[in-house]
Amino acid sequence: MGKSSRMKRERHDPHGRSAADLFAGVSQARADANLCRQFNLLGEALQLEQAQQRIDRINNLPMGHPENAHKFGITFGPIQAWMDAMESSGEIDRLQGMAVMSLEDDPELLIPVVGSFLSMCDIYELIAADAGVPDETAGLRRLAKMIDVHMPVFRRDLEAARATTEWMAGITRTLTPQQFSDFSVAVQIRAELANQKAAA
């Protein structure tokens, strides 16, 4: 009696597919899933790149451009709102003796008035020097010092400060957000160096 031949058999699933077919199907499904993930990652990367391109484009537009209106509002809105309230009520909100103002979209966040005004003056003093134009920060700087020492503030003082902020706004409309940020950082660095020198 001859040797019995051994037949290689393949298992079949209920739908008639062989193991090889099933393996091929699983492999294809995994490949498709990986391809989908790659496309999704590529799509996310493209979206991020487009978003960054838009940010870069906006940062190189002047602050007076409609697309930068919100940044312009963030810069001058709180100051103008504080002056309007001061003019109508004649009162200054203080916390432990320090004059403060709040943001319209975050009333719980209190900002020191004097420090904010003087910081703005320092920034625009630097901007004016860089542009070779007269420095017109005196009105706002004087108001800040009056508030700091609790001097009475009159309408003429507010009008002088408003004139300063209008001058600042005019300059700001010609600057890009990146330029304004660069001047702000320069003032912060200068202030930090001055503090270190005073502490030495």
Side-chain angles (χ1 to χ4, degrees), residues 54-131 133-192 194-195:
R54 184 173 184 274
I55 291 172
D56 292 341
R57 182 177 63 81
I58 291 175
N59 279 336
N60 286 297
L61 291 173
M63 292 276 273
H65 192 278
E67 290 196 64
N68 281 324
H70 67 290
K71 294 181 181 180
F72 187 86
I74 290 172
T75 304
F76 291 98
I79 296 177
Q80 293 171 346
W82 182 89
M83 289 185 181
D84 290 342
M86 172 64 187
E87 189 170 12
S88 62
S89 69
E91 297 179 356
I92 298 176
D93 292 330
R94 293 184 182 272
L95 179 64
Q96 297 180 348
M98 180 177 62
V100 294
M101 60 182 175
S102 60
L103 300 177
E104 184 177 350
D105 58 348
D106 191 358
E108 295 185 1
L109 178 62
L110 299 179
I111 302 172
V113 171
V114 174
S116 297
F117 287 4
L118 292 178
S119 177
M120 289 284 287
C121 289
D122 291 342
I123 291 171
Y124 283 90
E125 181 181 44
L126 182 61
I127 292 173
D130 183 76
V133 299
D135 173 18
E136 299 183 27
T137 60
L140 187 61
R141 197 180 291 277
R142 182 172 183 274
L143 177 63
K145 292 179 179 179
M146 292 175 69
I147 295 169
D148 192 32
V149 297
H150 296 245
M151 286 180 63
V153 176
F154 299 100
R155 183 179 296 274
R156 64 176 179 272
D157 303 314
L158 280 174
E159 289 176 351
R162 285 186 187 277
T164 292
T165 58
E166 289 172 4
W167 169 77
M168 290 177 171
I171 291 179
T172 304
R173 290 187 179 94
T174 67
L175 298 174
T176 67
Q178 186 59 56
Q179 288 173 323
F180 184 81
S181 176
D182 290 343
F183 282 116
S184 299
V185 171
V187 167
Q188 292 172 6
I189 293 174
R190 187 171 66 179
E192 181 62 28
N195 291 337

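Basis for what follows: all heavy atoms, side chains included, without hydrogens, waters or symmetry-related copies. Predicted model, so just to flag it, every value in this text is computed and none were measured.
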Subject >> Residue pair Gly73 / Pro78: nearest heavy atoms and the distance that separates them >> reply: O-CD, 3.7 Å

Original post:
So which heavy atom on Ala128 is nearest to which on Pro134, and how close?
Top reply: CB-O, 4.0 Å

Subject >> Gap separating the CD1 atom of Ile92 from the CD1 atom of Ile147, nearest 0.5 angstrom >> reply: 4.5 Å

**OP:** Enter the distance from Leu109:CG to Met101:CE here, rounded to the nearest 0.5 Å.
**Re:** 10.0 Å

Subject >> Over 12 foreign heavy atoms within 6.0 Å of CZ, Arg142 >> reply: no

Subject >> Leu140 side chain reached by Tyr124 side chain, heavy atoms, under 4.5 Å >> reply: no

Original post:
Looking only at heavy atoms, what is the nearest atom pair of Ser184 and Ile123, with distance?
Top reply: OG-CD1, 3.6 Å

Original post:
Any side-chain heavy atom of Met83 sitting closer than 4.5 Å to one from Leu143?
Top reply: yes

Original post:
Any side-chain heavy atom of Lys145 within less than 4.5 Å of one from Val149?
Top reply: no

**OP:** Determine the interplanar angle of the Phe117 and Trp82 rings, folded into 0 to 90°, and report it as parallel if under 30°, tilted if 30 to 60°, perpendicular if over 60°.
**Re:** perpendicular

**OP:** Decide yes or no for Arg141 and Asp122: does some side-chain heavy atom of the first lie under 4.5 Å from some side-chain heavy atom of the second?
**Re:** yes

Subject >> Presence of salt bridge, Asp84 and Arg162, under 4.0 angstrom >> reply: yes

**OP:** For residues Phe180 and Ile171, determine if any side-chain heavy atom of one lies less than 4.5 Å from a side-chain heavy atom of the other.
**Re:** no

Original post:
Going by heavy atoms in the side chains, are Met120 and Thr75 under 4.5 Å from each other?
Top reply: yes

**OP:** Check Ala144 against Val114 and note the closest heavy-atom contact, atom names and distance.
**Re:** O-CG2, 3.5 Å

Original post:
Are any non-hydrogen side-chain atoms of Thr137 and Met168 less than 4.5 angstrom apart?
Top reply: yes

Original post:
Would you say Asn195's side chain and Ala191's backbone share a donor-acceptor pair under 3.5 angstrom?
Top reply: yes

Original post:
Can any side-chain N or O of Ser102 pair as donor or acceptor with the backbone N or O of Glu108 at less than 3.5 Å?
Top reply: no

**OP:** List in chain and number order the residues that pass side-chain hydrogen bond (donor to acceptor under 3.5 Å, both in side chains) with Arg156, two or more places apart in sequence or in another chain; answer none if no residue qualifies.
**Re:** none

**OP:** Please round to the nearest 0.5 Å and tell me the distance separating atom CG of Asp135 and atom CD1 of Ile127.
**Re:** 10.5 Å

**OP:** Specify the closest pair of heavy atoms between Glu91 and Met86, including all atoms of both residues, with the distance to one decimal.
**Re:** O-SD, 3.4 Å

**OP:** Kindly say whether Pro112 contributes a backbone atom to a donor-acceptor pair with the side chain of Ser116 at under 3.5 angstrom?
**Re:** yes

